[in-house]
Novice: 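Input: one structure, supplied below.
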Amino acid sequence: MSIEITFPDGNVKSFDAPVTGLAIAQGISPGLAKKAAVIKVNDELWDLTRPIDRSASVSIVTRDKPEALEVIRHDAAHVLAQAVQELFPGTQITFGPATEVGFYYDFARDTPFTDADLESIEAKMREIVKRDLPITREIWPREQVLEFFQTTGERFKAEWVSEGIRPDEEISIYRQGEKWLDMCLGPHLPSTGKLGTAFKLIRVGGVYWRGDAHNAQLQRIYGVAFATDDELKAYLKQVEEAEKRDHRKLARQLDLFHQQEEAPGMVFWHPKGWAIWQAVEQYVRGVYRKSGYQEVRGPQIMDVSLWKKSGHWDNYHDNMFFTESEKRTYAIKPMNCPGHVQIYNAGLHSYRDLPIRYAEFGGCHRNEPSGALHGIMRVRAFTQDDGHIFCTLEQVEGEVTAFHQQAMQVYQDFGFDDIAVKLALRPDKRLGSDEAWDRAENALRAALRAAGVAWEELPGEGAFYGPKIEYHMKDSIGRSWQVGTMQFDPMMPERLNAEYIDEQSQRQRPIMLHRAIVGSMERFIGILIEHHAGSLPFWLSPVQAVVAPIVSDADGYAEEVCALLKDAGLRVETDLRNEKINYKIREHATQKIPVIIVVGRKEAEQRSVTLRFRGVDAQETLSLDEAVQRLKTLR
RNA sequence: GCCGGGAUAGCUCAGUCGGUAGAGCGACUGAUUCGUAAUCAGUAGGUCGCAGGUUCGAUUCCUGUUCCCGGCACCA
C-alpha cells in the first residue's frame, strides 16, 4: 500500500505505511516538529500522533497559528480536568471546550471550589504540563465507553454517550498519560508539555448541565490560555484596563448616578448623569423629527385585560409588575406598543394616512430576575427610544431600509463604526401560523437585501409576535452590544384590533413595526461611558468646560466668561474655590472635563482666556470672542 | 431564579483568633492669593447591610434575610 502526501507547496511524497504528522514534520525539520501543534489533513485538523492512513493533502499547523491556539486552549481544559480529578477524587467530569480567550471545564462535585482551590489546581496543572504526558487517541466501541464511564461513576459522561451521541458516530477517547482519559472529538497536542505556561485560571461559576435550568448545577472553572507568555500578560493588562472603564465605577467617580437597595435595578440620576441623558435624548428627538415620527405618550399602567389580549401576559407575566386599585388589577407597562395601538385606534385611518409613525421615550418596568441585574446595563426600570410604524405590507421594505439608514447614522454620530446586523427568526413559543412567519421573515430579508447589508440569521431568537432585525455594535475594546432593533409584527394589530380603510373601502389590518435605535437609554448611556472610558465627547459631556481663576481678583472675570459661554448654549461651571491652579487642573482633569479655561490677572486685563483641552498638556491663549466661537463649534 | 463570594466613615481600603473600630482621599473650619495635575494646620464623621440566636459581652461565631459582585439560566 502506498500513501501519497501532498504538501502545501504542491510537492508529493509517498509512504509505504501510515505515517503520523509528527513524523512528517520531523522529516522536514526538527524545528518544525517542535513548533508543530496539529496537522491539517484534507482541511480537517488531526492530532500529530494520529496515523494518516490514506493519501491526503496536508499542512503542518504551528502553535503560533489561530487554529493551533484553539487546540492549545482545548488541551488546557483537559489538563485542568485531570488536575481537578487528581486533587479531588470523586469529582465528575463533563465538558470542557476552548472559548474566545481561553477555556473552561464543567465539573460535578458537591463541595464548591474556592479561590484557594483554584490556585492549587493551577499549580497541579503546571505539574502535569511538566510531566509532559503523551496524549494519545483511541477509538472505542460505544458499549465499552458506556461501561467505562458507568463503572468509574462518571454519570454525566455516561448520559452523554447514551443521549447525546448518535449510535453510528465513532467515539474517540483521548488518553493523557497512563491512566487519565476523557471522551473528546479532539484534536489535541501530542503531549501535555506542548501546552506551555501561558495559561491562568481566573474564576469559578455555577452552570446548568446541558445549559438547562431544570438540570443539575455544575461548577465551571474558567481559564485563559495563549500561545506565549507575552500574549497572556497583554490579555491580563487589557482586563485591568476594562475594569477601569466599568460604568459603575466611573459613575461614582464622576457623580453621574447611583443605585440603592430600596430600588434594585433602578437608577437615581444625579445632575451630571442626567445632563448626559438630556444630550442623548435631544439628539434622538431630532432623529424622530427628521424621519417623520410624531412623539406621543401613553399611560404607565393599564388594566391587565389589555395585556392578556396583547399576549404579553401569557408570555411574560412572571416578569411583569402589577398593582391593584378598587378591585382592578393593572400591569405596569413592560412595553409601549399596546399603548401606541390605543392611540392609533382612537381615530379612523385611511390607507392614505399610512405609514403612521409614533415615537416615545417610553418608560418601562420589567421584573428581571435578580441575578440578571447589572449596573445600568440591565435594569428593571428603563426607557426605550421606542417607535411604532403602522403600515401596509408593501410599505415594510421602504420603512425598514429608511430605518437602517437612520440607525447607522446614529451609531456613527455616537462614535461607533463597527455594526453587525442579525436577523432573529421564529422562536418555539410564538403566536401566529407558519405561513405568517414565512411572510414576516421574508419581508425582513427582502428589506435587508434592499438596504444592501450583509446579515447573519439567528434561528429561534425572534420575539413571540414576530421576527426582528438586531443591530450589534462593537465598542472601543471589542465588546459587542445589541442595541437597535426592527421588528415585524402582524400579531399585535390583529389582537388589539387595529385597522385602516383601503382603496375599496374595506377594513384591513396594518402591519406594525417596532423599532428602537439606542434601545434602552440606561444601557446605551452605560455603553457610552465604557466605550469612552468616561471621557465623553464634548457634545455629550455633562460639564463641557470649567472656568478656573488663578487668583480671586479674577473671579469676576471668570463669572463673566462663564455667563457668556452659557449664553452660547454650553454647559459651563466656574471653580472659584480658594485653591491653587495646580489643584484645580488636577481635579478637573480627573473629572474628565473636555476644556479647562484658566483666567488670571493677565487674561482679565486683556479680555482673553487660556484653554487647556482634555488630554493635551499644551495651553492656548486666545481672545474671549475667539474662544467662544471656537467652543461653539465643538457643541 | 440557581451556584459561589461579598457588605466596616461620602470614596478606596485596613482591622478585630469575641471585650462596641483605624488610615488615605473627600467634607468642614482657619491660614494662604500661590500661572497649568494634590499649600499648610485643625475639626467633625461609623447601630461594622438588616433581623434573630449563642454568649457576661457579637462588627467578629451561627441561622435567616436584603442588596451587590462573578458565573449560568432569562432578556417581549
Side-chain angles (χ1 to χ4, degrees), chain A residues 104 106 109-115 117 202-222 246 248-249 252-253 255 258-265 307 310-320 333-338 364 366-375 377-380 382 384 424 427 429-431 461-466 468 482 485 487 489 491-492 514 519-520 523 548-555 578-591 596-603 610-612 616-619 621:
Chain A
Y104 65 77
D106 294 344
R109 178 181 182 236
D110 291 339
T111 321
F113 291 113
T114 64
D115 286 349
D117 291 338
I202 49 171
R203 68 174 68 92
V204 52
V207 295
Y208 299 107
W209 166 238
R210 294 164 83 166
D212 188 330
H214 302 291
N215 289 345
Q217 187 115 30
L218 308 173
Q219 295 183 68
R220 177 173 295 176
I221 297 179
Y222 286 89
D246 187 312
R248 295 162 299 191
K249 204 168 180 169
R252 223 172 293 128
Q253 279 164 15
D255 195 17
H258 85 271
Q259 296 176 280
Q260 66 186 48
E261 247 186 73
E262 289 81 356
W307 302 100
S310 71
H312 289 97
W313 196 89
D314 283 339
N315 283 278
Y316 290 106
H317 68 273
D318 282 344
N319 295 306
M320 288 167 68
K333 77 172 150 125
M335 284 192 93
N336 307 300
C337 34
C364 295
R366 293 181 187 174
N367 197 0
E368 303 285 4
S370 56
L373 304 180
H374 179 89
M377 300 293 201
R378 186 83 183 268
V379 285
R380 290 195 174 134
F382 61 99
Q384 292 174 311
K429 206 173 157 190
R430 59 178 183 262
L431 302 176
E461 303 271 304
F464 71 89
Y465 48 69
K468 55 183 183 180
Q482 205 249 106
T485 181
Q487 309 180 359
D489 179 6
M491 311 300 167
M492 209 61 55
H514 307 241
S520 147
R523 181 175 147 89
I550 293 168
V551 290
S552 49
D553 286 354
D555 283 2
N578 176 12
E579 296 290 352
K580 286 186 169 178
I581 195 64
N582 283 314
Y583 181 90
K584 294 182 183 179
I585 284 170
R586 181 185 152 78
E587 180 155 304
H588 299 122
T590 314
Q591 286 293 306
I596 301 171
I597 302 171
V598 177
V599 293
R601 285 203 187 89
K602 203 168 64 193
E603 283 83 357
T610 298
L611 301 184
R612 193 190 159 106
V616 183
D617 283 342
Q619 322 140 32
T621 302

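Letters go in sequence order (proteins before strands), and every chain restarts at 1. We use all heavy atoms of the structure for the numbers below, so side chains are in, but hydrogens, waters and symmetry mates are not. Keep in mind the model is a prediction, meaning the values are calculated, not measured.
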Novice: Verify the contact: side-chain N or O of A:Arg252 to OP1 or OP2 of B:rU12, cut-off strictly under 4.0 Å; return yes or no.
Specialist: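 Affirmative; the distance criterion is met.
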Novice: Quick one: does NZ or CZ of A:Arg109 land under 6.0 Å from the six-membered ring centre of A:Phe113, within 45 degrees of the ring axis?
Specialist: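 Flagged: A:Arg109 positioned over aromatic ring of A:Phe113.
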Novice: Answer with base, sugar-phosphate or nothing: what part of the nucleic acid does A:Gly519 contact at a heavy-atom distance below 4.0 Å?
Specialist: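 Answer is nothing: A:Gly519 stays at 4.0 Å or more from every strand.
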Novice: Please check the phosphate of B:rC68 (OP1 and OP2 only) for any side-chain N or O of A:Arg378 closer than 4.0 Å.
Specialist: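 No.
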Novice: Considering only atom P, compute the distance from B:rG6 to B:rG64 and round it to an integer number of Å.
Specialist: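 After rounding to an integer number of Å, I get 15 Å for this pair.
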Novice: Closer than 4.0 Å, any side-chain N/O of A:Tyr222 to the OP1 or OP2 of B:rG70?
Specialist: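 Answer no for this pair, as no side-chain N or O of A:Tyr222 is under 4.0 Å from OP1 or OP2.
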Novice: Identify which one of A:Lys602, A:Glu603, A:Gln619 satisfies the side chain to side chain donor-acceptor pair (under 3.5 Å) criterion when paired with A:Thr610.
Specialist: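 It is A:Glu603; the other options fail the test.
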Novice: Establish, with yes or no, whether the OP1 or OP2 oxygen of B:rA76 is under 4.0 angstrom from a side-chain nitrogen or oxygen of A:Lys468.
Specialist: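 Affirmative; the distance criterion is met.
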Novice: Consider the side chain of A:Tyr583, meaning its heavy atoms from C-beta on, and name the nucleotide among B:rC68, B:rU36, B:rG26 that approaches it most closely.
Specialist: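 Nearest to the side chain of A:Tyr583 among the choices is B:rG26.
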Novice: Using a 4.0 Å heavy-atom cut-off, does A:Lys584 contact any base of the nucleic acid, only the sugar-phosphate backbone, or nothing at all?
Specialist: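 Nothing, no heavy atom under 4.0 Å.
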Novice: Ignoring hydrogens and geometry beyond distance, is the side chain of A:Tyr208 in donor-acceptor contact with the base of B:rG71 at under 3.5 Å?
Specialist: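 Counting by modelled atom types and ignoring angles, no donor-acceptor contact under 3.5 Å is found here.
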Novice: Would you please determine if the base of B:rA76 is stacked by A:Tyr316, with stacking meaning a centroid separation under 5.5 angstrom and planes under 30 degrees?
Specialist: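 Yes, the aromatic ring of A:Tyr316 stacks with the base.
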Novice: When you check the phosphate oxygens OP1 and OP2 of B:rG70, does a side-chain N or O of A:His374 lie under 4.0 Å from one of them?
Specialist: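 Yes.
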Novice: Verify the contact: side-chain N or O of A:Asn582 to OP1 or OP2 of B:rA37, cut-off strictly under 4.0 Å; return yes or no.
Specialist: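 Yes, within the criterion.
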Novice: Kindly confirm or rule out a cation-pi arrangement of A:Arg430 over A:Phe464, judged by NZ or CZ under 6.0 Å from the six-membered ring centre and within 45° of its axis?
Specialist: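 The answer is no; the distance or angle limit is not met.
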Novice: NA contact type, A:Arg248, heavy-atom cut-off 4.0 Å: base, sugar-phosphate, or nothing?
Specialist: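 Sugar-phosphate only.
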Novice: Look at the side chain of A:Glu603 against the base of B:rG35 and say whether a donor-acceptor pair falls under 3.5 Å; ignore hydrogens and angles.
Specialist: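 When only heavy-atom distances are counted, A:Glu603 does reach the base of B:rG35 through a donor-acceptor pair under 3.5 Å.
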Novice: Before accepting this row, confirm whether a basic side-chain N of the pair A:Arg248/A:Asp246 lies closer than 4.0 Å to the acidic partner's carboxylate O.
Specialist: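 Salt bridge: yes.
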Novice: Quick check on B:rG1: is either OP1 or OP2 less than 4.0 Å from any side-chain nitrogen or oxygen of A:Ser370?
Specialist: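 So the side chain of A:Ser370 is within the cut-off, an N or O lying under 4.0 Å from OP1 or OP2 of B:rG1.
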